[in-house]
Number of protein chains: 2
Amino acid sequence: MTSAPRPASPRAARTRGVPEATVARLPVYLRALSALADEGVSTVSSEELATAAGVNSAKLRKDLSYLGSYGTRGVGYDVGYLVYQVSRELGLSQDWPVIIVGLGHLGHALANYGGFVSRGFAIRALVDADPDLVGVEVAGLEVRPIGELEQLVARHGIAIGVIATPATVAQEVCDRLVSAGVSSILNFAPTVLAVPEEVEVRKVDLSIELQILAFHEQRKVGAAHVTRELVEALPGRAAVSS
Amino acid sequence: MTSAPRPASPRAARTRGVPEATVARLPVYLRALSALADEGVSTVSSEELATAAGVNSAKLRKDLSYLGSYGTRGVGYDVGYLVYQVSRELGLSQDWPVIIVGLGHLGHALANYGGFVSRGFAIRALVDADPDLVGVEVAGLEVRPIGELEQLVARHGIAIGVIATPATVAQEVCDRLVSAGVSSILNFAPTVLAVPEEVEVRKVDLSIELQILAFHEQRKVGAAHVTRELVEALPGRAAVSS
DNA sequence: CTCACTTTGTGCCTGGGTTCACAAGCGCTT
DNA sequence: AAGCGCTTGTGAACCCAGGCACAAAGTGAG
C-alpha cells in the first residue's frame with residue numbers, strides 16, 4: 001500500500017509466500033498475544049484472538065496458516081508459542097538498530113516513544129541539521145550533527161531509518177540514508193520519496209489521515225443534508241447542548 | 001485497511017461511489033496540486049501529476065474520474081480548479097474543529113504540527129488527565145482537564161477527535177468522545193478501539209510500521225540463514241525444529 | 001475544413017484479499 | 001474403543017483494486 005513492492009523478478013516476489021496484507025496484521029496479533037501472555041492466558045482460540053485484534057476469525061486463521069500449522073484443532077493456539085513464532089516471522093528475535101533524522105517536536109516524540117524499544121527496536125542514533133539541537137540529550141541519547149549520518153549508520157550497522165524532518169529536505173536526507181546503506185525507511189515527512197527498487201519505504205502522514213476522516217465526516221453530514229446539530233439529535237445519542 | 005468500515009447494509013457503503021482506496025489517495029493528489037499551484041503552474045497532465053504523486057497515470061485518471069470529468073482532452077487538468085474540486089470532495093472547504101486528548105510528547109507534537117492547520121483543520125481543544133499539564137499553553141492553546149471534554153466538544157461543535165493517550169486509557173477516552181458526539185477518531189494509542197458502527201476510526205501505529213519494515217528487512221538479510229541465536233529467549237515451550 | 005497530435009476517460013482483464021462454509025483433526029467422555 | 005463436540009486449516013466464490021490499451025474528444029497547424 002504505502003510503497004510499491006514490485007520486484008523486477010517475479011521469482012523473488014514470494015520469499016515465503018506471506019501476503020503483504022497478512023504481514024501488516026501480524027504486529028496487531030502479536031500485541032494481542034503479548035497482552036494475553038501477560039494476563040497469564042496460556043491458550044487462545046482463533047475466535048477470541050480475532051476479537052481482541054479486531055478482525056474476522058477466518059482471516060486470522062488464514063493469516064496464521066501462512067506461518068505454519070501452529071494451532072491444535074479442538075483446542076486453539078498456545079499463546080507463548082505463537083508469540084514466539086510471530087515474532088520470529090517478523091524478525092523481532094533480534095534488536096534492529098534505528099536512526100532518527102530530525103528532532104523537532106515529532107522526532108522528539110518518536111525518540112521518547114517507549115513502544116519502539118520494547119518491541120525489537122533500539123534507537124541508536126539521533127541527528128539533526130539545527131546546530132542548536134546538536135549536543136542536546138534526547139531519550140538518553142545525544143543529538144549529533146547531520147554530517148555524521150553516514151558514519152553513525154556504518155558504526156551501528158543501521159538498516160532502518162526514520163525521517164522526521166521538514167518535507168523540503170526529506171528527499172535529500174533519504175538519499176543520504178540510502179547511500180549510507182539504510183534499506184528500510186519510515187517517512188513522517190509529507191512528501192513522496194523516490195528510492196531505489198530494493199529500498200522499502202513506509203509513509204505515515206498525519207494530515208492525510210485527518211483528511212480521510214474529513215471525507216467520511218462530510219459524507220455523514222451531507223448525506224442527510226442537515227446541520228451537525230440535527231445529526232447529533234439522532235436517537236441514542238447523548239445530548240450535546242449540555 | 002486501518003479500520004474496518006463494514007456497514008451492516010452494503011447499500012449504504014457507497015454514498016457517492018468513490019472507492020476507499022481512491023479517497024486515501026486524494027490527499028496526496030491535493031498536496032501535489034497545491035505545490036504546483038504555488039509554483040504558478042496552471043495546467044497539468046495526468047502523467048505529470050501522477051509522477052509527482054508517485055502513482056500510475058491511469059490510476060490517477062480513474063481516481064479523478066470518480067469526482068467528475070474535470071479534465072480537458074488534449075490539454076490536461078486546470079490546477080486551480082482541480083484543487084477546488086478535490087478539496088470539496090474531501091470536505092476541506094470548511095475548517096473542521098479538532099480536539100486532541102493526551103498531551104504527552106506525541107500530543108504535543110501533534111498540536112504543533114503545522115500540517116493540520118494549513119489543510120482544513122483547526123485544533124480547538126486540548127485535554128489531558130495530568131494536573132501538571134492542565135493550564136500549560138501548547139501551540140497557543142491552553143490544556144484543559146479531561147473533565148471538560150464533553151463540554152469542549154459541545155461548545156466547539158467538534159466532530160473529529162485525536163487520541164494520543166497511553167493505550168490503557170484509550171478505550172475509555174474513546175467512549176467519552178463518542179458519547180459526547182465525536183464521530184471520527186484518529187487513534188495513536190496502540191490499541192484496537194471498539195466503537196459503534198457509525199463512528200469512523202483510523203489508526204496510526206508507529207511500532208507496527210516499524211515491525212513491517214523489520215519483516216522486509218529480515219527477508220532481505222536472512223533469505224539464506226535464519227537467525228536462531230536468540231531462540232532461548234522464548235517461553236519454555238519452543239522445543240521444535242533446529 | 002481537415003488532418004495530425006495530444007491527452008482524457010474507461011472497458012476489460014488480471015490478481016490479490018476477504019469471507020463463507022466445511023472437512024479434517026484433536027481431546028474428552030462414556 | 002468409539003462417539004461427540006469443538007476448533008483449526010483451507011477450498012472456493014466473491015469483491016475490490018490496479019493497469020493496459022484504446023476510443024473519444026479536444027487543440028492547433030496548414
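To find a chain, count down the sequence lines: A is the first, B the second, and so on, and within it residues start at 1.
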> Could I get the full list of salt bridge (Lys or Arg N to Asp or Glu O under 4.0 Å) partners for Arg176(B), not counting sequence neighbours?
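For Arg176(B), the residues satisfying salt bridge (Lys or Arg N to Asp or Glu O under 4.0 Å) (neighbours in sequence not counted) are Glu150(B).
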> What is the distance, to the nearest angstrom, from the CG atom on Asp78(A) to the P atom on dT7(D)?
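Taking atom P of dT7(D) as the reference, CG of Asp78(A) is at 16 Å.
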> Would you confirm whether the ring centroid of Tyr81(A) sits within less than 6.0 angstrom of the ring centroid of Tyr70(A)?
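Between Tyr70(A) and Tyr81(A), the centre distance is under 6.0 Å.
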> Roughly how many Å is it from CD in Glu20(B) to P in dG17(C), rounded to a whole number?
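Atom-to-atom, Glu20(B) to dG17(C), this comes out as 17 Å.
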> Of the residues in residues 32-62 of chain B, which ones touch DNA chain D at a heavy-atom distance under 4.0 Å?
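Under 4.0 Å from DNA chain D: Asn56(B), Ala58(B), Lys59(B), Arg61(B), Lys62(B).
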> Kindly give the heavy-atom pair with the smallest separation between Ala109(B) and Ala109(A), and that separation in Å.
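Smallest interatomic distance, heavy atoms only, reads CB-CB, 4.3 Å.
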> How long is the line joining CG of Leu67(A) and C1' of dT8(D), in whole Å?
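Atom-to-atom, Leu67(A) to dT8(D), this comes out as 14 Å.
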> Measure the distance from OH on Tyr70(A) to P on dC26(C) and round it to the nearest whole Å.
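Distance, rounded to whole Å: 16 Å.
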> Can you give one letter per nucleotide of nucleotides 23-30 of chain D, going 5' to 3': B for a protein heavy atom under 4.0 Å from the base, S for sugar-phosphate only, - for none?
-BBSS---
> As a quick check of understanding, evaluate side-chain hydrogen bond (donor to acceptor under 3.5 Å, both in side chains) for Ser46(B) and Arg61(B), giving each step before the final call.
CA-CA 6 Å; Ser46(B) 66; Arg61(B) 287 198 299 276; 2.9 Å; yes
> For Ser207(A) and Asp205(A), run side-chain hydrogen bond (donor to acceptor under 3.5 Å, both in side chains): C-alpha distance rounded to whole Å, both residues' side-chain angles, the deciding distance at 0.1 Å, then the answer.
CA-CA 6 Å; Ser207(A) 70; Asp205(A) 195 314; 3.3 Å; yes
> Take the protein atom CG of Leu64(A) and the nucleotide atom P of dT18(C), then report the distance between them rounded to whole Å.
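Checked: the CG to P distance equals 14 Å.
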> For a side-chain hydrogen bond (donor to acceptor under 3.5 Å, both in side chains) check, start with the C-alpha distance between Ser183(A) and Glu200(A), then their side-chain angles and the critical distance, and finish with the verdict.
CA-CA 6 Å; Ser183(A) 50; Glu200(A) 178 83 10; over 6 Å; no
> For His216(B) and Glu20(A): C-alpha separation, side-chain torsions, deciding distance, then whether side-chain hydrogen bond (donor to acceptor under 3.5 Å, both in side chains) applies.
CA-CA 10 Å; His216(B) 292 292; Glu20(A) 193 57 32; 3.0 Å; yes
> Search all heavy atoms of Ser184(B) against all heavy atoms of Val182(B) and return the closest pair with its distance.
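Closest heavy-atom pair between Ser184(B) and Val182(B): O-CG1, 3.3 Å.
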> Using OP1 and OP2 only, check whether a side-chain N or O of Tyr77(A) sits under 4.0 Å from dC26(C).
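For dC26(C), OP1/OP2 do not have a side-chain N/O of Tyr77(A) under 4.0 Å.
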> Could you give the distance from CD (Glu89(A)) to CD (Gln211(B)), rounded to the nearest 0.5 Å?
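Here the rounded value is 13.0 Å.
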> Nearest-Å distance, OH (Tyr66(B)) to C1' (dT8(C))?
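Computing the Tyr66(B):OH to dT8(C):C1' distance gives 15 Å.
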> Measure CG/Leu26(B) against C1'/dA17(D) and give the value in whole Å, please.
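Whole-Å distance recorded here is 15 Å.
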